[in-house]
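Lettering of chains follows the sequences in order, A, B, ..., and the numbering in each one begins at 1.
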Protein chains: 2
Amino acid sequence: MEKMTDKIIPDVIVGRLPRYLRTLQHMQAEGIQTTSSQELGERLGISAAQIRKDLSQFGEFGKQGTGYAIPFLVNQLRTILKVDRLWDMALVGAGDLGHAIARYQGFIDCGFRIVMIFDNDPVKIGTQLGELVIQDSAEMGSLLKSAGIHVAMMTVPAAAAQSVAEQLVAAGVRAILNYAPMSINVPHDVRVQYIDPVIHLQRMTYYLE
Amino acid sequence: MEKMTDKIIPDVIVGRLPRYLRTLQHMQAEGIQTTSSQELGERLGISAAQIRKDLSQFGEFGKQGTGYAIPFLVNQLRTILKVDRLWDMALVGAGDLGHAIARYQGFIDCGFRIVMIFDNDPVKIGTQLGELVIQDSAEMGSLLKSAGIHVAMMTVPAAAAQSVAEQLVAAGVRAILNYAPMSINVPHDVRVQYIDPVIHLQRMTYYLE
DNA sequence: TAGATTGTTAATCGATTAACAATC
DNA sequence: TAGATTGTTAATCGATTAACAATC
């Protein structure tokens, strides 16, 4: 539980931290040892002042005159975002998109791994997907509970999204990444993030022509 | 070109409009004829005042006492977002994710369709993907230009993202949906949206435990 | 009519930026 | 040292909310 003494950080700042981390890790991979708020800001399209202000919410990570040591800052951000550990995830929905996500290699180095895949299609249940076997959604609740899983991704049809979300929450899931093109309602202590390409595309066409 | 007399709408408002549209279309599919800012807000987790304020930027779409006629409001939003037409899109990168996106049936009713798919892998070039044949990235520039394509989705490795983005921009693309886990730099008049599941997941784990 | 709900105003709230002393 | 860059403050800017007259 969050301590009463912890400062509450605005969600808009939390939302930028993963982007800082990702960019710093790219720089690290390029062999860069040190950076400044200026340089990081240019890569991200964010002002240097905002980056310094955001980071200063969590501590003093930089040095005047020289900037930030990248390996140190990466570790700090990993700790802050709680991805200095490996989160077990469930994937619900083994359609085309579910298959692509199950095969994606980008989770493991960022703090996540898929340990269970569910579908309600009898044809799919029992078949192999990557290193896992697709399991029956009917058993999802008990399996998630006994495995203590708190993070899930949903790649199910829009019509099933609310019902699946409710099952996930009932099984103890506290963070849901929803690929279904559908708003879902969950208790206030459950986090939801949405990925819907159409939403992003429509946001851009407004500005076209 | 945008008329000088057009009011400039904050991007944060534009970003909510596709969500309004999506939810209204769901309600329409449920056979609901009319709604209120209150009801729509409950579905979306947004305050009624904010919905009214957002919509009022574009016109007077409601009636006191009765609310909003859904079919009318849907049409208005489709016009505002310019998805009262069909946008031809290119998809660059025919990996697992590219395949899943190419097969996705959710674009066509929302104003978009994929008309070209590119990859640089000789093994993939020339093979069928859905109703399209994967084409050589080397020919991308000229093909995009002659087809007059302005919207593209990128499902390429992070290392290729900046270079592919530059090719797209040079070919006249003005809106890019980037699935690569990488920030890209483009001219200010080109729109970019990002989809990276890790970013969304890390934003949620901050709040867990 | 009476009840409901809009569009809009003004007030509040929160986020971003600019500037600079501190200091590496 | 001199130059560079942080962390922080205060000012600015922008977004959200509350409230209500208008009116369907």
Side-chain angles (χ1 to χ4, degrees), chain A residues 6-21 23-24 27 32-77 80 188 203 206-207, chain B residues 6-20 23-24 27 32-77 80 183 188 203 206-207:
Chain A
D6 283 355
K7 183 174 30 169
I8 288 173
I9 307 293
D11 185 60
V12 67
I13 294 182
V14 175
R16 282 190 292 261
L17 299 184
R19 300 180 54 208
Y20 298 169
L21 176 56
T23 302
L24 289 163
M27 295 171 93
I32 306 173
Q33 296 295 322
T34 292
T35 191
S36 63
S37 56
Q38 172 75 25
E39 184 184 35
L40 187 55
E42 275 163 20
R43 291 223 185 195
L44 283 158
I46 289 178
S47 78
Q50 183 160 81
I51 289 174
R52 291 201 302 279
K53 190 119 210 283
D54 286 352
L55 294 176
S56 73
Q57 305 295 311
F58 301 94
E60 306 194 356
F61 301 140
K63 277 200 177 63
Q64 288 101 325
T66 56
Y68 301 91
I70 292 180
F72 174 75
L73 188 51
V74 163
N75 279 334
Q76 292 297 314
L77 286 171
I80 291 165
H188 74 281
R203 184 176 184 160
Y206 172 82
Y207 296 98
Chain B
D6 283 356
K7 181 172 31 172
I8 288 173
I9 306 294
D11 185 60
V12 67
I13 294 182
V14 175
R16 283 190 291 263
L17 298 185
R19 300 180 54 207
Y20 297 169
T23 302
L24 288 162
M27 295 171 93
I32 305 172
Q33 295 296 322
T34 292
T35 190
S36 63
S37 56
Q38 172 75 26
E39 183 184 34
L40 186 55
E42 276 164 19
R43 291 223 186 194
L44 283 158
I46 289 178
S47 79
Q50 183 160 81
I51 289 174
R52 291 201 302 279
K53 190 118 208 285
D54 286 353
L55 295 177
S56 73
Q57 306 294 312
F58 301 95
E60 305 195 356
F61 302 140
K63 277 199 178 62
Q64 287 101 326
T66 56
Y68 301 90
I70 293 179
F72 174 75
L73 188 52
V74 163
N75 279 333
Q76 292 296 315
L77 286 170
I80 292 165
S183 291
H188 75 281
R203 184 177 186 159
Y206 171 83
Y207 296 98

Over all heavy atoms of both residues, which pair between A:Tyr20 and A:Leu44 is shortest? Give the atoms and the distance, please.
->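 So the minimum-distance heavy-atom pair works out to CD2-CD1, 3.5 Å.
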Check B:Ser183 against A:Thr23 and note the closest heavy-atom contact, atom names and distance.
-> OG-OG1, 4.3 Å
Just wondering, do [Y] and [X] contact through their side chains at under 4.5 Å, heavy atoms?
| X | Y | result |
| --- | --- | --- |
| B:Leu77 | B:Leu55 | yes |
| A:Asp11 | B:Arg203 | yes |
| A:Ile46 | A:Arg19 | yes |

Could you say whether A:Ile13 or A:Lys63 is positioned toward the 5' end of DNA chain C, judged by the nucleotide with the nearest heavy atom to each?
-> A:Ile13
Nt span of DNA chain C in reach of chain B heavy atoms at under 4.0 Å, 5' end first, is C:dA4 to C:dT9
In dot-bracket notation, what is the pairing pattern of DNA chain D, taking Watson-Crick (N1-N3 plus N6-O4 or O6-N4) and G-U wobble (N1-O2 and O6-N3) contacts under 3.5 Å, with [ ] crossing and | for other strands?
-> ..||||||||||||||||||||||
Check whether the side chains of A:Arg52 and A:Ser37 place a donor and an acceptor atom closer than 3.5 Å, and report yes or no.
-> yes
So, does B:Gln76 use its side chain to make a donor-acceptor pair with the main chain of B:Phe72 at under 3.5 Å?
-> no
B:Met27: which of B:Ile70, B:Leu73, B:Val74 passes side chain to side chain contact (heavy atoms under 4.5 Å, CB included) = B:Ile70
